[in-house]
Participant: 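One structure coming up, written as structure tokens, with questions to follow.
Per chain, numbering begins at 1; letters A, B, ... match sequence-line order.
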Amino acid sequence: MMSEKLLEVKSLHVNYGAIEAIKGIDLYVNKGEVVTILGANGAGKTTTLRTISGLLKPSSGNIFFDGKEITQLPAHEIVSLGMSHSPEGRRVFGTLSVEENLMMGAYSLKTFDAPTLEWIYEILPRLKERKKQLAGTLSGGEQQMLAIGRAIMSKPTLLILDEPSLGLAPVLVKVIFKAIKEISKTGVTVLLVEQNAKAALKLAHRGYVLELGKITHSGSSEELLNSEMIQEAYLGKKKEA
Amino acid sequence: MMNKTSLIAIALLVFMGFFPLFVDSAWLAVGTTFLVFAVVALSQDIILGRAGVFHMGHAVFFGLGAYTTAILNVNFGLPILATWAPAVLIPMLVAFIMVAPIIHLRGDYLLVATIGFNIIFIQVLENDVFGLTGGPNGLFGIDVVRLFGYDFSSQTHMYYMAFILLGLTLLIMRNLDKSKFGRAMFYIHKDEIAAQSMGINVRYFKLYAFILGAGIAGAAGSMFSVQYSAVSPEAFNVTQSIMFFTIVLVGGSASLPGVLIGTFIMFVLPEMFREFETARYLVFGIAMILTMILRPRGIWPVRFGNIPDFLKKGVK
Amino acid sequence: MDIFLQQMVNGLTIGSLYALVALGYTMVYGVMRLINFAHGDLVAFSAFIGLSVYAQIFGESITSLVAVITVFVFTAAIVAFVGVLLERLAYRPLRTAPRLSAVVSALGAGLVIQNSVMLIWGPNMKIFPSNLFPSTIWEIGGIVITFTQVMILGVSSVLMVGLYFFIHQTKIGTAIRAVAIDQDAAKLMGINVNRIIMIIFIIGSALGAVAGLFIGTYYRGITFDMGWMYGLNAFVAAIMGGIGNIPGAMLGGLLLGLFNAMITGYISTQWAETFTFVLLIGILVLRPTGILGETVAEKV
Amino acid sequence: MKKMLPKIAASLAVCSILAGASVAADVIKIGVQAPITGSYASEGQSIDNGVKLIVEQYNAKGGILGKKIEVVTCDDQGAAQQAAICAKKLVNEGVKAVIGSYTSGATEAAQTTYHRAGVLQTSDGTSDSLIAHKYWTFFRNSFPNSAEAEYTAKYFVDGKQYKKIVILSDYSSYSTDLADATVKALKAKNANIIYEGKIKSGSQNFTATLTKIKSMDPDVIYFSGYYTDGGLLRAQQIQLGIKADFVGGDSNDNPDYMKLAGDSAKGTLLINVPTPDILPYDIAKTFLVDYKAKFNMAPASIWSLMNVDGLRAILHVMEQSKSDDTKVIAEGLHALKDFPGITGPVTFREDGERIGGGYMTYEVQADKSYKIVYQ
């Protein structure tokens, strides 16, 4: 494993109006890693991701990507540096066709990348069947596939996924996680936020636990899987009496 | 409950009450018109600011009140006093008939529908329907208020009548804020979907706001027709509606001092700067843009952070 | 029968002008959720700009196809620039403000444009030269159609079809639709939303400029305050078609023009506007988001 | 109650522009109520200019009754509501007389207020309804619509012998009134009116209405509105191939009519009183030269000159009667007999109507010049 840091977040603070949502977090993701952030609803996971990808501006702190400070860059410029963020709730373009959605994924590239498209159709064959269909008419699982496919159309070095399995049937969750694994195998670094902690930790190399805007635990996936606290809070195991 | 805002409001009312002692009748006329327009703006605020309905046709109700008084007085010879009740009730009735079928429309669609009603209203007036409205000329020679052989015809009389009207309006709005309707409207404005899920019948309360606002605007219209002894269609066209709309938003919607300041800025200031004649509206437009950029919620916004105590009770 | 067909020609001519203006409203609305009340005044402004451009370059006497095209291109460019400026100064600072604040800003901007026109060109009606287009008139089976009308119908059809393809077939066009649906998601695709909004204002203002110039060449007399009427009709057309929906604006414009001509021709001149708004309110009661509906799904 | 100190204090407090306008007995104030802005701005500004020119000339000679004259202008935008506001304002300013307004609607909306305050008013508004109240304060300095209507009816029936007549008007007070008067006069002569319609001023597109008219195959289309619409109506009439005569009422007589109608202007028949440049009177010639020297343009139309005549008559009577009492002046005005005006002799009837007024019909030639075809 390379230890070069692709993404580094230093003492990040984010405010929503008068409320401080993120209270100084530090994290990093090495090149080629899969890193997951765990946490309860409202812990600040999505806020963190949105700040990293430039949709929100932090009140203080720094974000570095590939050795470059991106804290004040607008979201669309960060994309062209090689970071791609598949947002919470999929956010596919409902009245655009599947293919048009994928085309938008490649917006930051000079030319439309046909091999990437073929590869996406390979790992997510359902999308190929439905390529002319409007994205809004897809099922939830198909929309999630599209959201992931769209995010990798820009050939990112870092892929950020926010709750990719939310609300999906177990069969589809498997498909999605298999696809993420495929993607990571090609050398794409992945930062994953998941409520399905077990699946996420199985996939990831390392993990962070976020609670009320602060990182409370971090470590390798194994350490976290075995930690009592994690088992109790996120893996549904009762504390042995 | 005696906060800074109410103190300022009381100070303003006292000032307005003694205003006629200090000025000549030219200023008194400006003052009277300010009072009348303030009442209309406050009634627009009930609909736009408090109920949060995008309403850009308020001149219809103002005009209905004015024309009711004018028609009953000029065409049928009724004394002004006898026209007051119909001048309030007819706008309310029309508001119900007009708005009930479209109250469910979403913001911008409702906005264009209310503009549409305003244009239809003007066309009705201009086409002199049933020979009542006097066509494009409007109606002239409206009488003054007479009671027990007294003529209330001086500018000071007019001023105090308008002053009393404003006082009544403020009283109504104060009671409204404290009532069930006030609470419902507050929540509808803050978050309509949440309000709906709390079991508030959003349509009913929006319609209620419309009807109440229409009645108050009608009363102001009646006063307006007496003040100028003339009514004509262009006093109630869409441009006027846009003015009332703007008054509320520039001043600060759902904020009593805000709406009064808005009326002052949008009505009295242009009167003062008539000297600039042609450049006046240019400056005015720039001021509108700047106000919105610098103070997007109006000059004197309602602070939603502090929910007044009386609103907190009862719902939670 | 020829009277009916004549009314159709009349209606379609004015309808295509409404449609051109309506496109400006609908595109801005689609992306920014803003009723750009200044758009009508921008249309009036373009007619005056066109007149001055013409006088500057050609001194009001020489006419040729080259002259006409030059005037159109120059005017469209100037008006597009003003449109972009308008967005920068009056709307961009209000992106995150309450929606109605932007509406007030738009109303203010309309006042500014209208009164600037009055101060620059004066309060009196200005008159376009009558020889910009040849005064050829064709008579086909009792229907009269002028060269200018043919130009209006032809040019606006080409522009509308072109716009449709631009929006639906090109990368930028698809990006415009994407921004209209979800701005944040679009940003995450690497789309520069500010740039897309600029493009919207360029296209919308340029189409408005073409409409303004046609108003000048067809009706000849232009006044500083005429923008309100065209703006309102076009806005109504956009709402009828389903605001935010580009084919809807085209359909709405043509429909409104035809409807007005038929009402005026067969029912009543005096009540034409009333009929228009009764139709509009009727459409909204039955189909609350217009005939073709909004393409933009309501965000929850 | 009316002490100076609190008054000034209050005025300062509200940044009053009227602070200086306290009651000063050494001036005589004349009000101008005119559309300085809005659609009729050129006419309104022309009235204001004309009044200021005359006042300047008087003041140069030492004013009137030993006092300087001061002009107070209020912009009514040609709108009734603004007119009513102006009326209140001018009355409160203490003016003796008000010149204006240009449009009948704005004039009428202000009438009652002036009458109640005993302020004289003189206007070029031509609506017959202006003298309906018989206010002693009101004097019309132009000629009423009914006079023009009767002339028009005579021309249509006795002169041209039209069989199928179409009457169009817009929604303005003046145009509606003139159309109504013309219809009344035509009916009195048993003429056949086949269509009466209204167009919306400023809507530019009249093809729908004209196509409808085309199907009726009329002999003449008479339009009682303003040149801004008249020129377009004529152009679109020719464009649609409607072969009827086009007759325009007095407000179509404007250079812009010719520009708007373009080549279609040829053959238009215009009914009006004589235009400023053909006024035969010496006073008129001098005034036009002075006006041009001061403002570097010609007056917008004959109407501003009529208003100037109203002012001149009032000032003349003030000098004669050596009084600034409005009752006295009103009596003096009624007693005037052929006062030499710029627009011809001025004589007022008991109800304030100006007597006289010779109408003529001009035919527009290919080179846009006028040929008098009926008198």
Participant: Among C:I143, C:T13, C:N10, which residue has the highest count of heavy-atom pairs closer than 4.5 Å to chain D?
Facilitator: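 Sorted descending by pairs with chain D, the first entry is C:N10.
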
Participant: Run the numbers on C:E273 and D:K200 for side-chain contact (heavy atoms from CB on, under 4.5 Å), then give the verdict.
Facilitator: CA-CA 10 Å; C:E273 279 181 333; D:K200 196 168 169 58; 3.3 Å; yes

Participant: Rounded to the nearest 0.5 Å, what separates atom CD in C:Q270 from atom CD1 in D:I199?
Facilitator: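 Nearest 0.5 Å value for the CD-CD1 distance: 11.0 Å.
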
Participant: With a sphere of 6.0 Å drawn around CG of D:N192, does it hold more than 12 non-hydrogen atoms of other residues, nucleotides or ligands?
Facilitator: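 It does: D:N192 CG has more than 12 such atoms within range.
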
Participant: With a strict 4.5 Å heavy-atom criterion, list every residue of residues 153-160 of chain C that contacts chain D, or say none.
Facilitator: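 Result: none.
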
Participant: Got more than 12 heavy atoms from elsewhere within 6.0 Å of CD, D:Q365?
Facilitator: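 Enclosed: over 12 neighbouring heavy atoms sit under 6.0 Å from CD of D:Q365.
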
Participant: For the CH2 atom of C:W271 and the NZ atom of D:K198, what is their distance to the nearest 0.5 Å?
Facilitator: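 One finds 11.5 Å between CH2 of C:W271 and NZ of D:K198.
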
Participant: Given a strict heavy-atom distance threshold of 4.5 Å, which part of D:Q236 is in contact with chain C: side chain, backbone, both, or neither?
Facilitator: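 Only the side chain of D:Q236 comes within 4.5 Å of chain C.
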
Participant: Above 12 or not: heavy atoms from other molecules or residues under 6.0 Å from NZ of D:K266?
Facilitator: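 Check fails, neighbour count at 12 or below.
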
Participant: Counting only non-hydrogen atoms closer than 4.5 Å, can you tell me which residues of residues 220-233 of chain C sit against chain D?
Facilitator: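 At a heavy-atom separation under 4.5 Å, chain D is reached by C:R220, C:G221, C:I222, C:F224, C:D225, C:M226, C:M229, C:Y230.
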
Participant: Does any backbone or side-chain atom of D:A261 lie under 4.5 Å from a heavy atom of chain C? Answer side chain, backbone, both or neither.
Facilitator: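 The backbone, not the side chain.
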
Participant: Please report the interatomic distance NZ(D:K212) to CE(C:M262), rounded to the nearest 0.5 Å.
Facilitator: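 Output value for this atom pair is 13.0 Å.
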
Participant: I'd like to know if the side chain of C:Y219 and the backbone of D:S203 have a donor-acceptor N/O pair within less than 3.5 Å.
Facilitator: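 Judged by distance alone, no pair lies under 3.5 Å.
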
Participant: For D:A208, does its backbone N or O pair with a side-chain atom of C:Q7 as donor and acceptor, under 3.5 Å?
Facilitator: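 Yes; at least one donor-acceptor contact below 3.5 Å.
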
Participant: Got a second to check how far D:Y257's OH is from C:I127's CD1, nearest 0.5 Å?
Facilitator: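 Rounded to the nearest 0.5 Å, the OH-CD1 separation comes to 12.0 Å.
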
Participant: Quick check on D:L260 against chain C: is it the side chain, the backbone, both or neither that has a heavy atom closer than 4.5 Å?
Facilitator: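 Contact with chain C is through both the backbone and side chain of D:L260.
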
Participant: At a 4.5 Å cut-off on heavy atoms, which part of D:Y171 comes close to chain C: side chain, backbone, both, or neither?
Facilitator: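 Side chain of D:Y171 only, per the 4.5 Å heavy-atom cut-off to chain C.
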
Participant: Tell me if the CG atom of D:D367 is crowded by more than 12 foreign heavy atoms within 6.0 Å.
Facilitator: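 Counting other residues, nucleotides and ligands, CG of D:D367 exceeds 12 neighbours.
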
Participant: Measuring from atom CD1 of C:I145 to atom CG of D:L240, what distance do you get when rounded to the nearest 0.5 angstrom?
Facilitator: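 Going from CD1 on C:I145 over to CG on D:L240, the span is 11.0 Å.
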
Participant: Decide yes or no on side-chain contact (heavy atoms from CB on, under 4.5 Å) for C:V144 and D:K214, but give the supporting numbers first.
Facilitator: CA-CA 12 Å; C:V144 183; D:K214 186 183 186 182; 3.9 Å; yes

Participant: If you round to the nearest 0.5 Å, how far is OH of C:Y266 from OG1 of D:T211?
Facilitator: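 Those atoms lie 9.0 Å apart.
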
